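In what follows, a structure is listed as structure tokens, so that the remarks can point back to it.
Ligands are counted one by one from 1 in listed order, and the atoms in each one are counted from 1 as well. As the structure is a prediction and not an experimental result, all values here were calculated from the model.
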Amino acid sequence: MRHLLCALLACAATTAAAQVAKPISSRFNADPSPHHFKTTTGGGFYLYATDDASNSGKYWDSTSWRLYTSPDLTTWADAGVPLDVSVFKWARPDAKAWAPEAAYRAGKYFFYAPVGGDRIGVAQSSRPDGGFVDARADALVDKARDANAGDEPIDPAVFVDKAGQAYLYFGTRVPKVVKLKADMVSLDGPIQDVQIQGLAEHKKTYGEAPFLHERGGLYYFTFSTGWPGQIVYATGSSPLGPFTYRGLVIDYLKISTNHQAILEHEGRSFIFFHDKLLPGGSSERRSITIAPLEYSADGSIRPVALDPSQVGKPPKPKP
Ligand code: FUB
């Protein structure tokens with residue numbers, strides 16, 4: 001299995017030189033939200049995405065999300081549109097559909113949907129590939145309604161700890177975290193800023209794409225540093241932080257955004273991200289790819305070995 005994966009993925013550990021990452025689909029897509037769900041029919045891998053194929057090509061103005069499925073992380077099937085913004089009656093029909101997230105609890109699948117750049121909706125279904133209905137009559141997070149929702153409540157990411165407490169991370173420029181109630185569709189307490197120590201010393205900023213995962217009792221908070229951005233990480237002893245900056249995960253790409261998600265499955269770790277990989281690709285026409293995520297013995301993440309042809313440049317300093 002590992003050899004097969006390495007043949008298909010950018011396998012940093014066993015190749016002398018990094019290979020150019022391969023897209024999971026011939027359709028433009030971005031902002032991966034990968035999951036392994038067990039279903040009544042067996043289950044497998046489900047990858048929710050921003051649909052760059054149906055945007056204008058000039059902006060991320062698609063109004064629907066896309067789903068891909070896989071039995072093994074190597075072959076992916078396009079499973080179509082799991083939902084679009086019309087599910088949320090409070091949203092404008094042309095509201096942009098950005099980086100999605102999904103979660104499962106107690107027989108229900110939940111879809112967290114940044115809609116229009118100022119609100120995050122949540123839909124639910126009894127299956128992971130469709131049938132989603134609005135789980136509320138209003139947004140889960142609303143910039144106009146909720147204290148400390150930040151300038152742009154987008155890029156939701158859900159983490160559920162071993163005690164079953166769910167946390168929602170989101171936000172640009174200032175990362176946010178809020179607990180979710182057990183129903184997964186209600187906020188439980190105030191929205192807090194995520195504290196990341198050591199960013200200034202390392203000349204890093206928080207941009208977007210917050211993501212939390214846990215390994216060996218340590219909580220890893222990954223995010224993009226901006227536009228363009230590197231994916232970097234910080235660690236802490238609580239899902240609420242504070243976190244301390246640890247280092248680089250994915251260097252600058254040759255597009256304006258960088259957005260990652262990490263999937264731990266049966267002892268293996270994979271990082272999903274997007275890049276300009278297909279003919280006609282651009283900052284608005286991105287492609288999701290996968291690489292193994294490797295750790296050193298001390299728990300530090302080894303940077304993903306990108307092919308030099310994929311590495312971009314930092315943003316120009318402001319005058
Ligand atoms: O796809 C639209 C936006 O681009 C996402 O919300 C960001 O994370 C960036 O990838």
Side-chain angles (χ1 to χ4, degrees), residues 21 23-25 27-34 47-68 81-85 91 94-102 111-121 139-141 143 149-158 168-176 194 205-212 221-233 249-262 271-278 281-290 310 312 315:
I24 61 124
S25 170
R27 185 181 178 91
F28 294 119
N29 48 34
D31 303 329
S33 173
L47 173 57
Y48 302 86
T50 300
D51 187 34
D52 278 10
S54 61
N55 70 25
S56 60
K58 297 181 178 142
Y59 193 58
W60 307 294
D61 47 12
S62 171
T63 56
S64 61
W65 292 274
R66 203 83 185 174
L67 173 64
Y68 300 85
V81 178
L83 74 165
D84 62 34
V85 296
D94 62 348
K96 55 192 191 258
W98 280 7
E101 169 67 307
F111 188 94
Y112 299 86
V115 174
D118 58 353
R119 289 184 281 189
I120 297 173
L140 174 64
V141 177
K143 175 178 169 175
D151 282 347
E152 202 176 17
I154 61 167
D155 292 1
V158 170
L168 174 70
Y169 303 83
F170 63 92
T172 54
R173 293 180 179 84
V174 178
K176 307 287 181 178
V194 175
T205 54
Y206 170 85
E208 60 181 357
F211 189 88
L212 193 93
F221 186 71
T222 48
F223 56 93
S224 168
T225 57
W227 306 270
Q230 296 169 312
I231 300 299
V232 299
Y233 77 107
V249 183
I250 300 175
D251 210 343
Y252 294 105
L253 306 174
K254 291 182 173 174
I255 54 173
S256 63
T257 64
N258 206 334
H259 189 126
Q260 84 302 340
I262 291 158
I271 187 160
F272 292 62
F273 60 106
H274 61 224
D275 198 356
K276 185 171 65 174
L277 299 174
L278 285 169
S282 68
S283 285
E284 291 75 30
R285 290 277 162 89
R286 302 161 291 182
S287 296
I288 292 171
T289 186
I290 313 170
Q310 289 177 275

key: Test ring-ring contact (aromatic ring centres under 6.0 Å, His included) applied to Y206 - qualifying residues, sequence neighbours left out   = F223
query = Of all residues at least two apart in sequence or in a different chain, which pass the side-chain hydrogen bond (donor to acceptor under 3.5 Å, both in side chains) check with N55?
reply = R285
message = I need the single residue from F111, Y48, W98 that forms a ring-ring contact (aromatic ring centres under 6.0 Å, His included) with W65. Which is it?
response = F111
ask   = Have S224 and N258 got a donor and an acceptor in their side chains that come within less than 3.5 Å?
value = no
task = Find out whether H274 and D31 are in side-chain contact, i.e. whether some heavy atom of one side chain is under 4.5 Å from a heavy atom of the other.
result = yes
note = Near ligand 1 (heavy atom, under 4.0 angstrom), the protein residues are D31, T50, W60, W98, A99, I154, D155, E208, T257, H259, H274, R286
R66: side-chain hydrogen bond (donor to acceptor under 3.5 Å, both in side chains) partners, not counting sequence neighbours = D78
